Amino acid sequence: MCGITACVGRDDVVDVLLGGLENLEYRGYDSSGIATQSAESVAVVKREGGIEELATSLDAIEPTGHVGIGHTRWSTHGAPTDANAHPHTDCEDRVAVVHNGIIENYADLREELAAAGHEFTSETDTEVVPHLVADALDSGLSPDAAFRAAIDRLEGSYALAMVVAGEDAIYASRDGSPLVVGVGDDRQYLASDVPSFLEHTSEVVYLEDDDVVRVTADGHDVTKIDGTPVDRPVESVDWQPEDAERNGFDHYMLKEIHEQPAALERAINGRVTADGNVKLEEFPRGSFEDVEDVMFVACGTSYHASMYARQMLAARGVSAQVYSAGEFATTPSPVDENTLVVAVTQSGETADTLASVRLAQERGARTLAVTNVVGSTAARKCDDALFIRAGPEIGVAATKTFSSQVAVLTLLAERLVEDVTGSPSEERADVLRALERLPSDVQQILDQSSVESLAARNRDRDGHFFIGRGVAYPVALEGALKFKEITYEHAEGFAAGELKHGPLALVTPDTPVFAVFSGDHDEKTLNNVEEVQTRGAPVVGIGSEESTAVAETVDEFIPIPDTHPLVSGVLANVQLQLVAYHVADLLGRSIDKPRNLAKSVTVE
Ligand code: M6R
């Protein structure tokens with residue numbers, strides 16, 4: 001949560017900092033600020049609200065500087081106010097700091113610093129850091145040593161960046177929250193995430209926990225906290241700057257929904273052979289023959305993609321479970337060296353998922369990250385990584401990454417089934433053929449979908465329920481998540497068979513039910529449809545264009561191209577993404593930055 005950006009060059013960097021923050025706004029958007037340094041002091045401009053509020057203040061104040069840090073916040077400690085916005089400074093404005101994460105021992109540190117005469121102006125945990133650095137500077141330490149002395153006192157998780165008056169450098173360190181250096185010619189960059197500076201450079205250096213980096217206009221030095229030099233490689237990212245732009249769409253979410261055919265092509269490309277076999281370069285046949293149990297750990301949309309994958313494995317004889325990562329990190333299930341723990345995470349930075357990975361590794365399990373971000377913490381910490389290649393996703397609502405996750409997990413499932421059971425699944429050829437058709441099937445939906453008018457009829461209801469069974473169950477959950485996340489309307493997803501065990505009490509003529517049909521066990525779901533229709537609820541069915549039984553039973557029908565049942569959920573999900581998008585648009589919601597949320601949740 002929260003986005004850090006920083007830049008050091010030979011000319012003014014204020015516009016670069018502002019641009020860097022705009023590119024990171026998806027990480028938090030309740031307040032923002034920048035700090036630049038001069039020989040005598042640091043100058044801070046910060047405001048409650050979105051980046052546009054900050055931009056207005058910058059226009060009025062016109063700060064300058066060739067070294068600076070910036071921050072866009074998603075509040076944890078302290079309400080989103082001007083005072084609580086980052087950067088934070090010491091009493092004499094010599095030090096300014098931006099922070100992502102949570103400093104768990106801040107209350108003790110604050111008490112100690114206050115007793116020593118430091119005055120605090122915010123309610124944040126972060127503010128202890130500039131005061132700690134100032135204390136160390138006062139004791140005669142250099143800025144470099146003072147920064148190390150301060151972070152040595154911190155407990156919790158952090159990515160921190162600091163500027164100090166009179167120092168033409170940025171100091172930064174991480175422990176549990178991401179930081180990446182952008183290597184330029186005349187300017188160097190630092191950020192929580194590559195899109196922040198992607199328009200300037202695609203050469204990056206990913207920092208590891210406990211690294212301390214000093215960035216100047218000429219380059220960067222990475223050391224451990226005790227000063228030991230470390231060599232972190234410069235890597236090239238293959239994302240293009242325009243991948244992180246809206247390109248004429250009203251919202252990133254709509255753009256990313258429309259990018260799904262291309263994203264799916266990339267996810268599958270080169271991973272299916274001409275004779276219908278799975279070809280995962282990282283995992284040749286036999287890679288998983290020691291695996292006895294598969295456990296997925298994930299959050300939110302990635303959790304739903306994991307549920308989808310669990311269905312594929314369990315149905316074909318591979319023992320598989322799915323855990324909400326926050327729960328697994330609290331109460332882990334027993335694992336051993338024959339357990340494969342698969343961390344499914346778009347960002348690769350979700351704190352709960354990373355905590356689960358740590359626990360699984362400590363207990364001896366093998367770990368695999370399925371992620372979108374090369375260089376992410378999950379990719380680097382897990383024993384292996386499999387990339388979904390969806391390209392940058394900026395909208396807070398995950399869309400194209402769900403489709404790409406399911407596509408890649410389908411390939412992984414086929415590899416696992418063959419390795420674990422000793423023979424390929426009977427349906428493999430059909431599933432892979434359907435997977436290869438998926439990009440054009442999704443394109444067909446995007447070209448023909450007419451859910452906009454349906455959205456207009458469903459924008460103002462008491463509640464919205466989503467049901468499905470088999471792979472349609474995680475799609476129902478995902479449909480409800482997307483709907484509530486961006487429309488702020490009440491929406492819940494249920495296993496179709498579960499309705500009559502309680503939720504049916506909520507069903508009325510003013511609670512539309514979206515029923516997802518995968519093509520497997522549809523007749524049972526149709527029984528559930530009739531149960532809700534009997535209570536007066538209008539039913540919107542999403543299913544194969546060839547399913548006349550479904551089309552004739554439901555009140556409104558949203559067709560999807562006919563395909564293999566295991567793949568059909570991706571298509572139904574695209575229609576549900578569009579329903580949620582259009583309802584949110586009609587309601588005038590902040591679609592790309594829904595209230596209270598942020599793209600990457602780096603606190604537990
Ligand atoms: O980056 P991750 O996939 O680990 O993120 C997990 C969730 O925070 C994320 O999927 C969230 O639920 C989405 N915003 C939902 O659209």
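All values reported here derive from a predicted model rather than from experimental measurement. Throughout, numbering of the chain's residues begins at 1 and tracks the sequence. Reckoned from all heavy atoms, side chains included, excluding hydrogens, waters and symmetry mates.
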Look only at the side chain of K400 and the backbone of A390, and say whether a donor-acceptor pair between them is shorter than 3.5 Å.
yes
How about E349 and S600: does a side-chain donor come under 3.5 Å of a side-chain acceptor?
no
Show your working on side-chain contact (heavy atoms from CB on, under 4.5 Å) between V45 and L58 and close with a plain yes or no.
CA-CA 7 Å; V45 181; L58 291 175; 3.8 Å; yes
Test applied, side chain to side chain contact (heavy atoms under 4.5 Å, CB included); reference residue, V230; option that passes from V222, V213, D210:
V222
Establish, yes or no, whether the cationic atom of R232 lies under 6.0 Å from the six-membered ring centre of Y206 and within 45° of the ring axis.
no
Is any side-chain heavy atom of V342 less than 4.5 Å from a side-chain heavy atom of M295?
no
Within this structure, what is the NZ-OH distance for the pair K599 and Y252, rounded to the nearest 0.5 Å?
12.0 Å
Run the ring-centre check on F283 versus F288 and record whether the distance is less than 6.0 Å.
yes
CG/D185: more than 12 non-hydrogen atoms of other groups inside 6.0 Å:
no
Check: E393/T401 side-chain N/O donor and acceptor closer than 3.5 Å
yes
CD/E292 to CG/D336 distance, rounded to the nearest 0.5 angstrom?
6.5 Å
K46 vs D82, test: salt bridge (charged side-chain N to carboxylate O under 4.0 Å, His left out). Steps then yes/no.
CA-CA 6 Å; K46 53 185 190 173; D82 285 358; over 6 Å; no
Got a donor-acceptor contact below 3.5 angstrom from the Q188 side chain to the V215 backbone?
no
Determine whether the aromatic ring centres of H304 and F402 lie less than 6.0 Å apart.
no
Beyond-backbone contact of V129 with I103, side-chain heavy atoms, under 4.5 angstrom:
yes
Specify whether H118 and H131 have parallel, tilted or perpendicular ring planes, treating 30° as the upper limit for parallel and 60° as the lower limit for perpendicular.
perpendicular
Under a plain distance cut-off of 3.5 Å, with no hydrogens placed, do R174 and T377 share a side-chain donor-acceptor pair?
yes
Could you tell me whether a side-chain N or O of R10 sits under 3.5 Å from a main-chain N or O of R187, the two making a donor and an acceptor?
no
Side-chain touch D211/E208, heavy atoms, less than 4.5 angstrom
yes
Can any side-chain N or O of E282 pair as donor or acceptor with the backbone N or O of D384 at less than 3.5 Å?
no
Are a donor atom and an acceptor atom from the side chains of E478 and T301 found within less than 3.5 Å of each other?
yes
Measure the shortest side-chain to side-chain distance between T371 and F387 over non-hydrogen atoms and say whether it is less than 4.5 angstrom.
yes
Please assess R246 against E256 for the test salt bridge (charged side-chain N to carboxylate O under 4.0 Å, His left out), listing each intermediate value before the final yes or no.
CA-CA 9 Å; R246 268 198 283 129; E256 287 157 2; over 6 Å; no
Within the 3.5 Å criterion, strictly below it, is a donor on Y323 or S333 matched to an acceptor on the partner's side chain?
yes
What I'd like to find out is whether the side chain of L190 reaches to under 4.5 Å of the side chain of T5, using heavy atoms alone.
no
Given salt bridge (charged side-chain N to carboxylate O under 4.0 Å, His left out), test R153 with E112 step by step and report yes or no.
CA-CA 12 Å; R153 305 269 333 261; E112 175 191 317; 2.9 Å; yes
Indicate the atoms forming the closest heavy-atom contact of I69 with A6, along with that distance.
CG2-CB, 3.9 Å
Determine, step by step, whether T72 and E25 satisfy the side-chain hydrogen bond (donor to acceptor under 3.5 Å, both in side chains) criterion, reporting the C-alpha distance in whole Å, the side-chain angles of both residues, the deciding distance to 0.1 Å, and the verdict.
CA-CA 6 Å; T72 181; E25 210 178 356; 5.5 Å; no
Atom CD of residue position E281 - does it have more than 12 heavy atoms of other residues, nucleotides or ligands inside 6.0 Å?
no
Backbone N/O of V373 and side chain of S376: donor-acceptor pair under 3.5 Å:
yes
Is there a side-chain hydrogen bond (donor to acceptor under 3.5 Å, both in side chains) between Q405 and S302 once you walk through the steps?
CA-CA 8 Å; Q405 283 171 338; S302 298; 2.9 Å; yes
Quiz question: by atom type and distance under 3.5 Å, do the side chains of E199 and N23 form a donor-acceptor pair?
yes
Between Y308 and Y303 (side chain of the first, backbone of the second, donor and acceptor by atom type, cut-off under 3.5 Å), is there such a pair?
no
Check the pair L207 / V180 against side-chain contact (heavy atoms from CB on, under 4.5 Å), numbers first and verdict last.
CA-CA 6 Å; L207 299 179; V180 55; over 6 Å; no
If you round to the nearest 0.5 Å, how far is CG of L113 from CG of L132?
5.0 Å
Side-chain contact, heavy-atom cut-off 4.5 Å: E22 with L17?
no
May I ask you to say whether E52 pairs ionically with R47, meaning some side-chain N is under 4.0 Å from a carboxylate O?
no
To the nearest 0.5 Å, atom CD of E92 lies from atom CG of D138 at 6.5 Å
Assess whether a salt bridge exists between R148 and D152, defined as any Lys/Arg side-chain N lying under 4.0 Å from an Asp/Glu carboxylate O.
no
For E127 and S122: C-alpha separation, side-chain torsions, deciding distance, then whether side-chain hydrogen bond (donor to acceptor under 3.5 Å, both in side chains) applies.
CA-CA 7 Å; E127 200 184 351; S122 80; 2.8 Å; yes
Taking T353 for the side chain and A325 for the main chain, is one N or O donor matched with an acceptor at less than 3.5 Å?
no
So, does R94 use its side chain to make a donor-acceptor pair with the main chain of D90 at under 3.5 Å?
no
State whether E245 and K255 are salt-bridged, where the test is any N-O pair (Lys NZ or Arg NE/NH1/NH2 against Asp/Glu carboxylate O) under 4.0 Å.
no
Are the side chains of L24 and Y26 in contact, using a 4.5 Å heavy-atom criterion?
yes
Has the side chain of Q361 got a donor or acceptor atom that lies under 3.5 Å from a matching backbone atom of K381?
yes
Would you check, one step at a time, whether the test side-chain contact (heavy atoms from CB on, under 4.5 Å) holds for H86 with T126?
CA-CA 8 Å; H86 298 215; T126 307; 3.1 Å; yes
Side-chain donor/acceptor of T350 to backbone N/O of D352, under 3.5 Å
no
For a quick check under 3.5 Å, do D383 and T367 share a side-chain donor-acceptor pair by atom type?
yes
Using side-chain heavy atoms (C-beta onward) and a distance below 4.5 Å, is L368 in contact with F296?
no
